[in-house]
K.L.:
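Take a look at the following structure, please.
Remember, it's 1-based here, ligands and their atoms both numbered in the order they're listed.
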Amino acid sequence: MQIQNYINGQLHPAQSGGWLDNFNPSNGQVYSQIPDSDAADVQAAVEAAEAAFPAWSTCGVNERYRILHRIADLIRERLEELAQAESKDSGKAITTSRTVDIPRAEANIRFFATAILHFGSESHQMEGMAVNYTLRQPIGVVGCISPWNLPLYLFTWKIAPALAAGNCVVAKPSELTPMTGFLLSKICIEAGLPAGVLNIVHGLGPKAGQAIVEHPKIKAVSFTGGTSTGRILARTAAPMFKKLSLELGGKNPNVIFADCNFEEAVSTTVRSSFANNGQICLCGSRVYIERPIYEKFRDELVRRAKNLKVGDPFDAGTDLGSLVSKQHREKVQGYLALAREEGGTVLCGGEPVELPGELSGGYYLSPAVVEGLPNACRTNQEEIFGPVVTLQPFDTEEEALALANGVEYGLASTIWTSDISRAARVAERIQAGIVWINCWMVRDLRTPFGGVKNSGVGREGGTEALRFFTEAKNVCIKY
Ligand code: NAD
């Protein structure tokens, strides 16, 4: 099967005629190909987007609302087809695709379709003299580049606000998980999205992705991916004065105080550690436990991690499917070897799981819990982005904060305590863009989403995203 680019309302192969293999990570087989697009395809996409911009940016919010809702309706109708495609492409458990990825893609589009109807701008009065009002106008052609871990979920999280605000988009999904982006192209055609409003170019990051970031007509880029890629984007875009939103890597702490609700804390920590095989930017990978409950918590976490079912992604009873690629599993295993070298003890997991028959070539790994490592070691400092967590005890609130803040990242965090004052105190001082108290992954799409330090620049979500995808123009009238 050959995936196509979606340019100017039509499906095309890459102009070069080149193709890249697309793997099914659950069995290690090539099952489709994607266009190996380059600057020529991006150029065609930008031309289509530029041509579509005058009509799309002025058709009015009600029309954009109507078409975006139609796209969301079709996503809902095709939920099962999209979920199957997502799991086949990424290896994630089908239950995750059905209950998280695809419903959230639908919700993203509906949310921003509606948000644009309520999006206002400021007015500043200078009494007796003048009034200022601010227009928030679409930027023009914008780029959206997304990663493989939540493919359609993160792709739509960017595209929806860009389109709702009246921009035309050149977007690229990850080359590892292109399939639902391709299915979205077909949905957009069926929904009647005007040609050129959204263009989806498939291919490699350094080639097709780089061509998007470099293109002089693309005035803003919203990117989610690794911190090192984010650096390349920043270097490329800065001299061109492009607007950039960078959602990058994480090394998120879970801070667990002895007065927490033990059952809630441990069951949620299992999820926050291993959901989607730890391949969610919001997963907690460093678990800090107050000493009086350290051993009890550790033993329970290990017991439950061992009980997680690693298996066929298409079996509804599977907790963890395969990792996304051979290279990624090797990277995660490399970190487990490093953890041992650095003096850590792997309490459970970290072993390749061999499944029988057709699935024998898949990239399965059992979830790992590691203890005995200092905070400063590489295992505790670098993003692994797999089913691996480390545990460390702490004695005081101050020490917990120093440990939690002692990395270069600052995306998300969780705090577990029944002391509301302490929760508020720690939340105020923790270096992260997102703090969950006694919960994890409770998401309200209106809230600002993003990280500090090496986890990124800018915020997505709600009004933040609509502001990113618009330019503010102040108009002053003297009277
Ligand atoms: P990646 O940086 O390798 O790739 C992300 C996207 O960028 C892909 O589409 C890729 O093709 C493209 N790309 C690569 N090089 C490029 C270049 N030079 N120019 C333009 N585009 C380029 O990341 P990944 O491995 O796909 O995703 C995993 C990373 O994403 C992890 O670090 C994870 O923490 C991060 N992530 C962050 C968030 C967040 O919200 N902060 C969410 C999900 C994932």
K.L.:
Per the side-chain contact (heavy atoms from CB on, under 4.5 Å) rule, which among Ile232, Leu244, Ile218, Thr236 passes with Val213?
P.N.:
Thr236
K.L.:
Run down the list Cys281, Gly209, Cys283 and name the one with the heavy atom closest to atom 36 (N) of ligand 1.
P.N.:
Cys281
K.L.:
Judged by non-hydrogen atoms, does Gly456 sit under 4.0 Å from ligand 1?
P.N.:
no
K.L.:
Quick check on contacts: which atoms of ligand 1 are under 4.0 angstrom from a heavy atom of Ser174?
P.N.:
9 (O)
K.L.:
Tell me which one of Ala237, Gly226, Ser146 gets a heavy atom nearest to atom 23 (O) of ligand 1.
P.N.:
Gly226
K.L.:
So between Gly225, Gly450, Gly249, whose heavy atom ends up nearest atom 35 (C) of ligand 1?
P.N.:
Gly225
K.L.:
Ignoring hydrogens, just give me the one of Trp148, Trp157, Tyr409 whose non-hydrogen atom is nearest atom 25 (O) of ligand 1.
P.N.:
Trp148
K.L.:
With atoms numbered from 1 as shown, which atoms in ligand 1 lie under 4.0 angstrom from a non-hydrogen atom of Thr229?
P.N.:
1 (P), 2 (O), 3 (O), 13 (N), 14 (C), 15 (N), 16 (C), 22 (C)
K.L.:
Check ligand 1 against Leu154 and write out every atom of the ligand that is under 4.0 Å from a heavy-atom position of the residue.
P.N.:
42 (C), 43 (C)
K.L.:
Counting only pairs under 3.5 Å, give me each side-chain donor-acceptor contact of residues 360-374, with atom names and distances, residues two or more places apart or in other chains.
P.N.:
| residue | atom | partner | partner atom | Å |
| --- | --- | --- | --- | --- |
| Ser360 | OG | Gly357 | O | 2.9 |
| Tyr364 | OH | Ser26 | O | 2.8 |
| Ser366 | OG | Gly350 | N | 3.1 |
| Ser366 | OG | Glu351 | N | 3.1 |
| Ser366 | OG | Glu351 | O | 3.2 |
| Glu371 | OE1 | Tyr294 | OH | 2.7 |
| Glu371 | OE1 | Arg298 | NH1 | 3.3 |
| Glu371 | OE2 | Arg298 | NH1 | 3.4 |

K.L.:
Return yes when Ser228 approaches ligand 1 closer than 4.0 angstrom through a heavy atom, no otherwise.
P.N.:
no
K.L.:
Quick one: which ligand 1 atoms are inside 4.0 Å of a heavy atom on Ile145?
P.N.:
6 (C), 7 (O), 9 (O), 12 (C), 20 (C), 21 (N)
K.L.:
Taking 4.0 angstrom as the limit, do Lys251 and Glu382 come out as a salt bridge?
P.N.:
no
K.L.:
Using a distance threshold of 4.0 Å (strictly less than), state whether atom 4 (O) of ligand 1 has a protein heavy-atom neighbour.
P.N.:
no
K.L.:
Given that the side chain starts at C-beta and the backbone is N, CA, C, O, which of these parts of Ile280 lies under 4.0 Å from ligand 1, counting heavy atoms, or is it both or neither?
P.N.:
neither
